[in-house]
**Q** 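My structure is below; once you've seen it, I'll send some questions.
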Amino acid sequence: MDDIFTQCREGNAVAVRLWLDNTENDLNQGDDHGFSPLHWACREGRSGVVDMLIMRGARINVMNRGDDTPLHLASSHGHRDIVAKLVQCKADPNASNEHGNTPLHYACFWGQDLVAEDLVTNGAQVSVCNKYGETPLDKAKPHLRDLLKERAEKLGQSLTKVPFKDSFWKGTTRTRPRNGTMNKLAGIDYKQLSLLTKINENHSGELWQGRWQGTEIVVKVLKVRDWTTRKSRDFNEEYPKLRIFSHPNVLPMLGACQSPPAPHPIIITHWMPYGSLYNVLHEGTNFVVDDPAIDEDMTARISMADVKFSFQCPGRMYSPAWMAPEALQKKPEDINRRSADMWSFAVLLWELVTREVPFADLSNMEIGMKIALEGLRPTIPPGISPHICKLMKICMNEDPAKRPKFDMIVPILDKMQDK
């Protein structure tokens, strides 16, 4: 069977799906030139494969060794439908490659008129210069240049040239494909890991920034009492299941091992440069171990490295501030988990709009007791969007049966985004 890059290039959807279903494979690896599977699918216009890769968690703004993103390649080759998919998934329309060229530079140069118009409509700047002082308009034929000028002006863009390396470009995070060997990380030798900086420590373990064969990773050393042969067996059976999740908002675990001389279970995941969602919301706080991580695209991703193993205090609640009242009062088997999750989602909304920690002045024990027995609830402050306020209230209905389901929430959020 050909490699994944060939399959994506040729649009072999069945083979790509089979490859993605293999938990040993990493869809964000790069070939010898740094092209990811998504790069190849976008370059060749393989729309079905692009859909599959995006849904499985492919990095949208990943760059090859020439700093081209998938959007550069789709724009160059005029694949308008794929350009639309990438932009919808937060592809950066102004990403610059090693020559300073953006996707719009290439769409103009290659005469991809419709793609160029779409890019400008979605925020691509017509006046940014590459390394040679050329803007996309300089690369366009006269009819396209006039059309893009008119559209840019209607959208409020300035036609004044923005020099290369101007402040416009500052703050960009380069996202590279992972080395192809990363997909073999599942069962590695502990001696191959380098633990560099301790990020945090809490009830569940220590979190370290580390490296493996030149790749930045996060290493979590679990705290487990009385490590036994049975626990070791359970660990080795359970961790491979955490590598199969492929979704843009799920961060699969890369691999695991046990550390000598006293065996401690260790799990390894991708390095997220922006840390946790908690850290982004409450700047200045520590990196929290069990919290959604923020990737290079500023997308929150639930890390499967935070999932509890069967031997880790089953049933114990660590974050009562985000728990539904019934989850603190009843046995797990008596709880509607989806309704309880909706309550937690509402508390997360509260945290996002207030940028505060719920019940920060209380201990976890006090929070749990007061929510369960005294009716303690988050207070929605004045000034919050009435739409968000209404959404939080219906999601925190005291009657779990009256809370909406998540498939009802998505259209509500879409409407709010359009307003």
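What you see below is based on every heavy atom in this structure, not just the backbone, and it leaves out hydrogens, waters and symmetry mates.
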**Q** Measure the spacing between CG of L207 and NZ of K198 and express it to the nearest 0.5 Å.
**A**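 These two atoms lie 10.5 Å from each other.
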**Q** Tell me whether S319 contacts the main-chain N or O of W322 through its side chain, where contact means a donor paired with an acceptor under 3.5 Å.
**A**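 No; judged by distance alone, with no hydrogens or angles, the pair does not exist.
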**Q** Please test E153 against K149 for salt bridge (charged side-chain N to carboxylate O under 4.0 Å, His left out), starting from the C-alpha separation and ending with a verdict.
**A** CA-CA 6 Å; E153 287 179 322; K149 273 186 181 181; over 6 Å; no
**Q** R403 versus E398: any side-chain heavy-atom pair under 4.5 Å?
**A**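 No. Closest side-chain heavy atoms not under 4.5 Å.
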**Q** Short question: side chain of D31, backbone of F35 - any donor-acceptor pair under 3.5 Å?
**A**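 Checking the backbone N and O of F35 against the side chain of D31, a donor-acceptor pair under 3.5 Å is found.
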**Q** Can you see which heavy atom on T121 is nearest to which on R151, and at what distance?
**A**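 Nearest pair, atom of T121 first, then R151: OG1-NH1, 3.1 Å.
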**Q** Taking the side chain as every heavy atom from C-beta outward, state whether C395 and W343 have any pair of such atoms under 4.5 Å apart.
**A**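 Sidechains of W343 and C395: no contact.
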**Q** So, H39 side chain and G30 main chain: donor-acceptor pair closer than 3.5 Å or not?
**A**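 Side chain of H39 to backbone of G30: no pair is present.
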**Q** Are any side-chain N or O atoms of R65 and backbone N or O atoms of D32, one a donor and one an acceptor, separated by less than 3.5 Å?
**A**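 Such a contact is found between R65 side chain and D32 backbone.
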**Q** Starting at CG of N364, measure out to CE of M323 and round the result to the nearest 0.5 Å.
**A**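 That separation rounds to 11.5 Å.
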**Q** Distance-only, no hydrogens or angles: does the T354 side chain make a donor-acceptor pair with backbone N or O of E356 under 3.5 Å?
**A**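 Yes, because the side chain of T354 sits within donor-acceptor range (under 3.5 Å) of the backbone of E356.
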**Q** What's the verdict on side chain to side chain contact (heavy atoms under 4.5 Å, CB included) for L73 and Y106, showing C-alpha distance, side-chain angles and the deciding distance?
**A** CA-CA 9 Å; L73 302 182; Y106 287 125; over 6 Å; no
**Q** Between D341 and S344, do the side chains contain a donor N or O and an acceptor N or O under 3.5 Å apart?
**A**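 No pair is found: no donor N or O on one side chain lies under 3.5 Å from an acceptor on the other.
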**Q** How long is the gap from CD1 on I268 to CD1 on I217, to the nearest 0.5 Å?
**A**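 Reported to 0.5 Å precision, the distance equals 6.0 Å.
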**Q** Using atom types as modelled and distance alone, determine if a side-chain donor or acceptor of Q157 lies under 3.5 Å from a backbone N or O of A124.
**A**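 Here the side-chain-to-backbone pair exists.
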**Q** Can you spot which of R46, K85, R56 makes a salt bridge (charged side-chain N to carboxylate O under 4.0 Å, His left out) with D51?
**A**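 Considering R46, K85, R56, a salt bridge (charged side-chain N to carboxylate O under 4.0 Å, His left out) with D51 is found only for K85.
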**Q** Cut-off 3.5 Å, side chains only: do T102 and N94 have a donor facing an acceptor?
**A**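 Side chains of T102 and N94: no pair found under 3.5 Å.
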**Q** Compare all side-chain heavy atoms of D92 with those of L71 and state whether any distance is below 4.5 angstrom.
**A**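 No, side chains not in contact.
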**Q** Would you sort out whether L20 and N25 count as a side chain to side chain contact (heavy atoms under 4.5 Å, CB included), showing the intermediate values?
**A** CA-CA 7 Å; L20 290 172; N25 294 326; over 6 Å; no
**Q** Less than 4.5 Å apart, side chain to side chain, heavy atoms only: is that true for I266 and L222?
**A**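 No, every pair of side-chain atoms sits at 4.5 Å or beyond.
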**Q** Verify whether one side chain among W19 and D3 offers a donor that lies under 3.5 Å from an acceptor in the other.
**A**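 No.
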**Q** Over all heavy atoms of both residues, which pair between G205 and K223 is shortest? Give the atoms and the distance, please.
**A**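 Looks like CA-CG, 3.8 Å.
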**Q** Could you tell me if the side chain of R43 sits less than 4.5 Å from the side chain of H77, heavy atoms only?
**A**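 Side chain of H77 against side chain of R43, heavy atoms only: contact under 4.5 Å found.
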**Q** Would the distance check show the side chain of K161 and the main-chain N or O of C129 forming a donor-acceptor pair, the cut-off being under 3.5 Å?
**A**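 It does not hold such a pair.
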**Q** Quick one: ring-ring contact (aromatic ring centres under 6.0 Å, His included) partners of F359, sequence neighbours excluded?
**A**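 F359 satisfies ring-ring contact (aromatic ring centres under 6.0 Å, His included) with no other residue.
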**Q** Looking at every non-hydrogen atom in both residues, tell me the closest pair between L119 and S75 and how far apart they are.
**A**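 What the structure gives for the nearest pair is CD1-OG, 3.7 Å.
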**Q** Using the rule given for ring pair (Phe, Tyr, Trp, His ring centres under 6.0 Å), can you reason through F309 versus Y239, listing the C-alpha separation, both sets of side-chain angles and the distance that settles it, and then say yes or no?
**A** CA-CA 8 Å; F309 289 87; Y239 83 75; 7.8 Å; no
**Q** Taking atom types as modelled, is there a side-chain donor on Q7 or W40 under 3.5 Å from an acceptor on the other?
**A**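 The answer is no; no qualifying pair exists.
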**Q** Got a second to check how far K370's NZ is from S363's OG, nearest 0.5 Å?
**A**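 It is 9.5 Å, given to the nearest 0.5 Å.
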**Q** Are any side-chain N or O atoms of Q112 and backbone N or O atoms of S76, one a donor and one an acceptor, separated by less than 3.5 Å?
**A**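 Side chain of Q112 to backbone of S76: a pair is present.
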**Q** Measuring from I4:CD1 to D26:CG, what's the distance to the nearest 0.5 Å?
**A**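 Taking CD1 in I4 and CG in D26, the distance rounds to 11.0 Å.
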**Q** Is there side-chain contact between L137 and C108, with heavy atoms separated by less than 4.5 Å?
**A**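 No, every pair of side-chain atoms sits at 4.5 Å or beyond.
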**Q** Give the intermediate values and the outcome of side chain to side chain contact (heavy atoms under 4.5 Å, CB included) for residues V347 and M396.
**A** CA-CA 8 Å; V347 179; M396 279 197 277; 4.3 Å; yes
**Q** Can I384 and M392 be said to form a side chain to side chain contact (heavy atoms under 4.5 Å, CB included), step by step?
**A** CA-CA 11 Å; I384 299 301; M392 283 191 282; 4.2 Å; yes
**Q** Which atoms form the tightest heavy-atom contact between C257 and F235, and what is the distance?
**A**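 Residues C257 and F235, closest heavy atoms: O-CE2, 3.8 Å.
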**Q** Looking at every heavy atom in both H105 and V128, which two are closest together, and how far apart are they?
**A**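 Minimum heavy-atom contact is CE1-O, 3.4 Å.
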**Q** State, to 0.1 Å, how close Y132 and H99 come at their nearest heavy-atom pair, and which atoms those are.
**A**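 Distance-wise, the nearest heavy atoms are OH-ND1, 3.0 Å.
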**Q** Would you call L53 and C8 a side-chain contact if the rule is heavy atoms closer than 4.5 Å?
**A**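 Yes, side chains in contact.
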**Q** Enter the distance from L38:CG to L86:CG here, rounded to the nearest 0.5 Å.
**A**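 Nearest 0.5 Å value for the CG-CG distance: 6.0 Å.
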**Q** Whether the side chain of R377 engages the backbone of I371 through a donor-acceptor N/O pair (distance < 3.5 Å, no angle test) should be reported.
**A**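 Yes; at least one donor-acceptor contact below 3.5 Å.
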**Q** Is the side chain of N122 donor-acceptor paired with the backbone N or O of D118 at a distance under 3.5 Å, no angle test?
**A**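 Indeed, once roles are kept as given, a pair shorter than 3.5 Å links the two residues.
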**Q** What do you reckon, are the aromatic ring centroids of F406 and F345 less than 6.0 Å apart?
**A**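 Between F406 and F345, the centre distance is under 6.0 Å.
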**Q** Please determine whether a side-chain nitrogen of the Lys or Arg among E206 and K220 lies less than 4.0 Å from a carboxylate oxygen of the Asp or Glu.
**A**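 So E206 does not pair with K220 through a salt bridge.
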**Q** Quick one: are F109 and L104 in side-chain contact, heavy atoms under 4.5 Å?
**A**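 A side-chain contact is absent here, since even the closest heavy-atom pair is not under 4.5 Å.
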